[in-house]
Amino acid sequence: MKIIHLIFDLNTGGAETMLVDIINEQVKTVPVALIIINDQIDTNLLAQIDNRVKIILIRRKEKSRRLLPILKLNWILLKLNPDVIHCHQQAAIRIIAFRKKCVLTVHDVKIPTEYFKLYKKVFAISNAVKKDIEQRSNIQTILVYNGIRIDEIKRKENYEFNIFRVVQVSRLDYEKKGQHILLEALNILVNGKGINNVCVDFIGE
């Protein structure tokens, strides 16, 4: 089996980081290629991809309406002749000629569903995403949780501390990332339980 992953941009984010992990695992057993359509690329994230993965940069300007990058993309897809074209943004299928090979992973809730029916399969990364899609459309999705590389998680061995530190890393969008829930929990600890040796750091944009 030959797999091509297709994404518009490769900037730092949850979906992009997850994609790099998936590609690096898949290339251990099957040929894998990654096509990045636009010129928005985090070089640090790109450098984490296994060197056995074929990386193809189309370098299209974001929101460009030029036909040449689309023709280039489809010529590459024809030449590589993959068994699966795995898209990570729902609008990608608009510019793909070989739609029968396309599957989609949906990484978030409230993603527009207008192109979902054009995909052979639609995957959801969580129960919340699956429920959201199925409530807003007649599209049946397949639940596949994001993989976590637990072997890379470092365990803390010394739990002695003066201040208990909590860090949340995500974009500062409380409606989706839930920073307000963490603040409510902090309020319960400090004002409800009298626990004052706790500190919360938010990292994100």
Side-chain angles (χ1 to χ4, degrees), residues 1-126 129 133 139 141-149 171 205:
M1 174 176 283
K2 186 188 297 181
I3 302 170
I4 288 181
H5 288 272
L6 189 66
I7 194 166
F8 279 108
D9 308 303
L10 193 74
N11 294 315
T12 301
E16 292 82 359
T17 302
M18 179 278 309
L19 175 57
V20 169
D21 287 343
I22 284 179
I23 288 172
N24 287 342
E25 287 299 317
Q26 287 179 335
V27 80
K28 294 176 181 178
T29 55
V30 295
V32 179
L34 170 65
I35 300 178
I36 306 171
I37 298 172
N38 293 339
D39 58 1
Q40 301 295 312
I41 300 168
D42 183 323
T43 54
N44 291 324
L45 196 57
L46 195 66
Q48 296 175 30
I49 296 174
D50 191 300
N51 57 18
R52 291 172 290 180
V53 176
K54 186 177 183 66
I55 300 172
I56 301 163
L57 309 179
I58 303 296
R59 298 191 184 279
R60 168 183 175 264
K61 296 293 181 185
E62 190 174 10
K63 298 182 180 178
S64 169
R65 295 189 176 184
R66 292 180 63 227
L67 188 58
L68 187 59
I70 296 172
L71 292 174
K72 180 180 178 182
L73 168 65
N74 282 282
W75 180 81
I76 290 168
L77 291 173
L78 178 64
K79 185 179 177 182
L80 293 178
N81 189 28
D83 298 289
V84 177
I85 302 171
H86 191 155
C87 301
H88 295 271
Q89 286 111 352
Q90 57 99 15
I93 202 164
R94 294 186 306 161
I95 59 175
I96 298 174
F98 313 99
R99 294 179 174 179
K100 290 183 179 179
K101 297 182 176 183
C102 291
V103 300
L104 172 70
T105 290
V106 183
H107 296 272
D108 203 352
V109 296
K110 299 182 181 178
I111 300 296
T113 62
E114 57 188 308
Y115 301 113
F116 284 13
K117 63 182 179 293
L118 301 177
Y119 287 94
K120 185 178 179 180
K121 300 282 185 183
V122 177
F123 300 94
I125 64 159
S126 68
V129 172
I133 294 170
I139 305 296
T141 62
I142 301 167
L143 177 62
V144 179
Y145 291 111
N146 277 347
I148 303 296
R149 301 193 63 176
R171 71 178 182 269
E205 295 182 348

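Position 1 is the first residue of the sequence; numbering continues from there. Note that these values count all heavy atoms, side chains included, but never hydrogens, waters or copies made by symmetry.
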Looking only at atom types and distance, does a side-chain atom of [X] sit under 3.5 Å from a main-chain N or O of [Y], one as donor and one as acceptor?
{"X": "Arg99", "Y": "Leu118", "value": "no"}
{"X": "Thr113", "Y": "Phe116", "value": "no"}
{"X": "Asp50", "Y": "Arg52", "value": "yes"}

Taking only residues two or more places apart in sequence or in another chain, which ones pass side chain to side chain contact (heavy atoms under 4.5 Å, CB included) with [X]?
{"X": "Leu57", "result": "Ile36, Ile41, Ile55, Arg59"}
{"X": "Asp108", "result": "Ile111, Arg171, Lys176"}
{"X": "Lys117", "result": "Ile139"}

Minimum heavy-atom distance between [X] and [Y], given as atom pair plus value:
{"X": "Ile96", "Y": "Cys87", "value": "CD1-SG, 3.8 Å"}
{"X": "Lys120", "Y": "Lys100", "value": "CD-O, 3.5 Å"}
{"X": "Ala124", "Y": "Val129", "value": "CB-CG1, 3.7 Å"}
{"X": "His107", "Y": "Met18", "value": "CE1-CE, 2.6 Å"}
{"X": "Phe98", "Y": "Ile85", "value": "O-CD1, 3.9 Å"}
{"X": "Gln89", "Y": "Tyr119", "value": "O-OH, 3.4 Å"}

Give, for atom [atom1] of [X] and atom [atom2] of [Y], the distance between the pair rounded to the nearest 0.5 Å.
{"X": "Ile35", "Y": "Ile7", "atom1": "CD1", "atom2": "CD1", "answer": "12.0 Å"}
{"X": "Gln40", "Y": "Glu62", "atom1": "CD", "atom2": "CD", "answer": "5.5 Å"}
{"X": "Asp39", "Y": "Leu10", "atom1": "CG", "atom2": "CG", "answer": "12.5 Å"}
{"X": "Gln26", "Y": "Leu19", "atom1": "CD", "atom2": "CG", "answer": "8.5 Å"}
{"X": "Gln48", "Y": "Thr43", "atom1": "CD", "atom2": "OG1", "answer": "10.5 Å"}
{"X": "Ile133", "Y": "Thr141", "atom1": "CD1", "atom2": "OG1", "answer": "5.0 Å"}

Count the heavy atoms of every other residue, nucleotide or ligand shown that sit under 6.0 Å from CD of Glu205, and state whether that count exceeds 12.
-> no

Passes side chain to side chain contact (heavy atoms under 4.5 Å, CB included), Leu6 versus Leu73? Steps please.
-> CA-CA 10 Å; Leu6 189 66; Leu73 168 65; 3.7 Å; yes

Determine, step by step, whether Val122 and Val106 satisfy the side chain to side chain contact (heavy atoms under 4.5 Å, CB included) criterion, reporting the C-alpha distance in whole Å, the side-chain angles of both residues, the deciding distance to 0.1 Å, and the verdict.
-> CA-CA 7 Å; Val122 177; Val106 183; 3.8 Å; yes

Student check: side-chain heavy atoms of Glu16 and Asp42 closer than 4.5 Å = no

Show your reasoning for whether side chain to side chain contact (heavy atoms under 4.5 Å, CB included) applies to Ile49 and Val20.
-> CA-CA 6 Å; Ile49 296 174; Val20 169; 4.0 Å; yes

Using residues 75-83 as the side-chain source, report each donor-acceptor pair under 3.5 Å to any protein atom, sequence neighbours left out, with the distance given to one decimal.
{"residue": "Asn81", "atom": "OD1", "partner": "Lys101", "partner atom": "NZ", "Å": "2.8"}
{"residue": "Asp83", "atom": "OD2", "partner": "Lys2", "partner atom": "N", "Å": "2.7"}

Kindly state each residue pair satisfying ring pair (Phe, Tyr, Trp, His ring centres under 6.0 Å) with at least one member in residues 4-40, sequence neighbours excluded.
-> His5-His86, His5-His88

Go through the structure and list residues passing salt bridge (charged side-chain N to carboxylate O under 4.0 Å, His left out) with Arg149, not counting sequence neighbours.
-> Glu25, Glu152

